[in-house]
Amino acid sequence: MLKVTLPNSSVLEVEPGTTMLEVVKKIGPGLAKSAIAAIYNGKELDLSRTLSQDGDLRVLTHQNPESLEIVRHSTAHLMAMAVTELFPGTLLTIGPVIENGFYYDFDSPHKFSPDDFPAIEEKMKEIAKKDYPVERSEMPRAEAIAYFKDPAHREPYKVEMMEEWTDDTVSFYKQGPFSDLCRGPHVPGTGKLQHFKLLSVAGAYWRGDEKRPMLQRIYATAFLTKDDLEKHLFQLEEAKKRDHRKVGKELDYFHIEEGSPGMVFWHPRGWRLYSNLMSYISAKLSRRGYQEVRTPEVVDKSLYVKSGHVANYSDLMFFTQSENREFVIKPMNCPCHVEIFKQGIKSFRDLPIRLAEFGKCHRNELAGVMHGLMRVRGFTQDDAHIFCTVEQIADEVADFCRLLQEVYADFGFSDIIVKLADRPEKRVGSDEVWTKAEAALKEACERARLGYIMNPGEGAFYGPKLEFTLKDSLGRHWQCGTIQVDFNTADRLGAEYVASDGSKHPPVMLHRAVFGSLERFIAILIENFGGDLPLWMNPQQVRILPVSEKFVDAAQELNRKILDAGLISEVDVRNDKIGFKIREGEREKVPYLVILGDKEIQSGKISLRKRKTGDLGAFSLDEALEKFKLEISSKGA
RNA sequence: GCCAACGUAGCUCAGCUGGUAGAGCACCUGAUUUGUAAUCAGGCGGUCGUGGGUUCAAAUCCUAUCGUUGGCUCCA
């Protein structure tokens, strides 16, 4: 007899060969009914699996978070079954669980579109209703390969995967007439799959390789309860309302026009936000020993030939020519900063030299990658290059990490993903120096108490890097801050410093940016705040609403006083009712509205209204200004 | 660049299977002089992304192209 220990420490004795489900039935028929899978000795297993040794058993129901992944994976199979029934000739590939849902990649003669979703969902419900048992079976790998090579059940993608595996046997999951190669585990029957929704179709290369066939991917999601599903769908809708492209248009921040894709036209308000961010960073940098510079945007091509960028990136660069000379539109600032470094002779005593620039760069990005302000062709980096010695790397990186944390905290970002990308296969520089640089990055993260994950082999060819990723409203990841160690560029462009023994060496360069690009960072800001930017960075701060035309003059006078105090203020002079002006002010997300009418003129006070909060009551002008200044200096929202 | 969908007034969108373009908001004019999320009335406004084709007739069908969206690949 086998001993099965339950979470409450009670022990059940069962015959070897008993299935999980039978054990669960012994615990209770209700539990057996709601069971989705089991965890036996720490391993997630199907309820149909048999027991062969003693162990700890935990039953998963729709109340356990671990069940979600199983249900999603089973729903992926359900979707694949529905799709193959509705669209014969569709070949199966893979259908993994991802954050918030799952997808399945198909190779099908049918072109899927969202119009197909209702039919597929209907079919899925139909199959679920039949409550097919989901049965696991094993087969020798060679036999499975032969089976799927047979024209009668041809699945070339499955064959390809199996041919690369080394296991002797492979497992299958069968539900009704449908079976798929899979490791499992799965729900015991399709009846458990009820709360799902197909979301979108997209092309995706087989194995993520652009040289392989383009498959059709259907994204979908599934939840354990109807409530959870509805909540998620509602959140998706809400997130779309925060989209920076939508909010940016509504708030009149910027536009991008068809004629120059990926190039931003900043409107007065958007540009004010942009300048606010630059001033903010400038102040931080000057306190940390950076020196701001400015370099050309049109540069002789030879500089970028020497740096190696033309050889590697000419497809993605803009070129121009004039008077028989070829120029590049600057795609990155580093070579220009090296040119500044090279002026005069630099001693080791001068290092580190930190050159910063709000450098406008242009890259001719592939048409399909543009995305609002997140990915553009013309952008400005809050760039800086630190020229230093190998020994100085760790200190400089640690200082940068502190700066970045300070800045991200000011903007209220706590959900930051830090990745350390280490040596790629193709690289320059000795392994010894790489090891030093990677260790310096790790040390800096530890000193700054930054938890990081490894991104193996993803460093630049010239050195390892840290990447700081933020999320947009839909949870998509965007790299913002970065610091990259570079052993190559200075040497390549002939930059040197004189060491203490009189010998000359190329300095190490650290490429670093806190925002990444102003454009992307603004997009993230807009989405994270849903357009309700904190007062300190908001391009609109105060709007005065005269109750009627009679009070416009008084409003103008008040406006001048508020402007004199250094705030951004304006008057809504339109001949409309106060309710309408308030509505407009709220809609345009103005942080503070000032209502000015007879009552205020009489009392000598002003009425304040805070966005999304409502009427705050009467304040003297001085009190109001004090309140604004306090909110600005505390960087409150 | 690749796959799919989409592109109608300044904005948001309607326009079924081809019959010659419509609403709300915005804007302009007039009336109203307004008290914490929409005052009323009138008016202006579009060669339906662009080029080509089919047809007696195209916003609608076909085709090419540009752009956008969702992904994939890429991101010095």
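What you see is a predicted model, and the numbers here were worked out from it, not measured in a lab. Here is the naming used below: chain letters follow the sequence lines, and residue numbers restart at 1 for every chain. Hydrogens, waters and symmetry mates are skipped; everything else that's a heavy atom, side chains included, is used.
Ring planes of A:His77 and A:Tyr104: perpendicular class, angle over 60° (limits at 30 and 60°). Classified by interplanar angle (parallel below 30°, tilted 30° to 60°, perpendicular above 60°), the ring pair A:Tyr462/A:His511 is parallel.
Nearer the 5' end of RNA chain B, as judged by each residue's closest nucleotide, is the contact made by A:Glu549, out of A:Ile582 and A:Glu549. Toward the 5′ end of RNA chain B lies the nearest nucleotide of A:Lys249, the other residue of the pair A:Lys249 and A:Asp615 mapping further downstream.
Between A:Lys342 and A:Glu339 a salt bridge is recorded (basic side-chain N to carboxylate O distance below 4.0 Å).
Rounded to an integer number of Å, the gap from A:Asp598 CG to B:rU36 P is 14 Å. In this structure, NZ of A:Lys111 is placed 8 Å from P of B:rC3, rounded to the nearest angstrom. Atoms CZ (A:Arg574) and P (B:rU29) sit 14 Å apart, rounded to a whole Å. Rounded to an integer number of Å, the gap from CZ of A:Phe106 to P of B:rC3 is 20 Å. Summarising the geometry, the separation between CZ on A:Phe580 and P on B:rU36 is reported as 16 Å, rounded to the nearest angstrom. For A:Arg611 and B:rA37, the CZ to P distance is 17 Å, given to the nearest whole Å. When the P atom of B:rC3 is taken as reference, atom CZ of A:Arg212 falls 17 Å away, rounded to whole Å. The distance between atom NE2 of A:His255 and atom P of B:rC11, rounded to the nearest whole Å, is 11 Å.
Comparing the C1' positions of B:rA58 and B:rU17 gives a spacing of 14 Å, expressed to the nearest Å. The gap from the P atom of B:rC61 to that of B:rA76 amounts to 42 Å, rounded to the nearest Å.
Nucleic acid contact class of A:Glu588 (heavy atoms, under 4.0 Å, all strands): none. Contact annotation for A:Gly579: backbone-only contact, meaning every heavy-atom pair under 4.0 Å involves sugar-phosphate atoms and none involves a base. Using a 4.0 Å heavy-atom criterion, one finds that A:Asp315 contacts no nucleic acid atom at all.
The side chain of A:Ser113 sits closest to B:rA5 out of B:rA5, B:rU33, B:rA37.
Paired with A:Tyr290 under the rule side chain to side chain donor-acceptor pair (under 3.5 Å), one option of A:Glu357, A:Arg512, A:His385 passes, and it is A:Arg512.
Checking side-chain atoms of A:Asp243 against main-chain N and O of A:Lys240 turns up no donor-acceptor pair under 3.5 Å. A donor-acceptor pair under 3.5 Å links the side-chain atoms of A:Asn559 to the main chain of A:Glu570, judged by distance alone.
Considering CD of A:Glu600 and CG of A:Leu558, their distance stands at 10.0 Å, rounded to 0.5 Å.
Every residue two or more places apart in sequence or in another chain that forms a side chain to side chain contact (heavy atoms under 4.5 Å, CB included) with A:Asp576 is listed here: A:Arg574, A:Phe580, A:Lys581.
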For RNA chain B, what string of dots and brackets results from 5' to 3' when Watson-Crick and G-U pairs need both distances under 3.5 Å, crossing pairs get [ ], and pairs with another strand get |? (((((((..((((.....[..)))).(((((.......))))).....(((((..]....))))))))))))....
Which nucleotides of nucleotides 66-76 of chain B have their base under 4.0 Å from a protein heavy atom (B), which only their sugar-phosphate (S), and which neither (-), written as one string 5' to 3'? BSSSBBBBBBB
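The side-chain heavy atoms of A:Phe515 and A:Cys480, taken from C-beta on, include no pair separated by under 4.5 Å.
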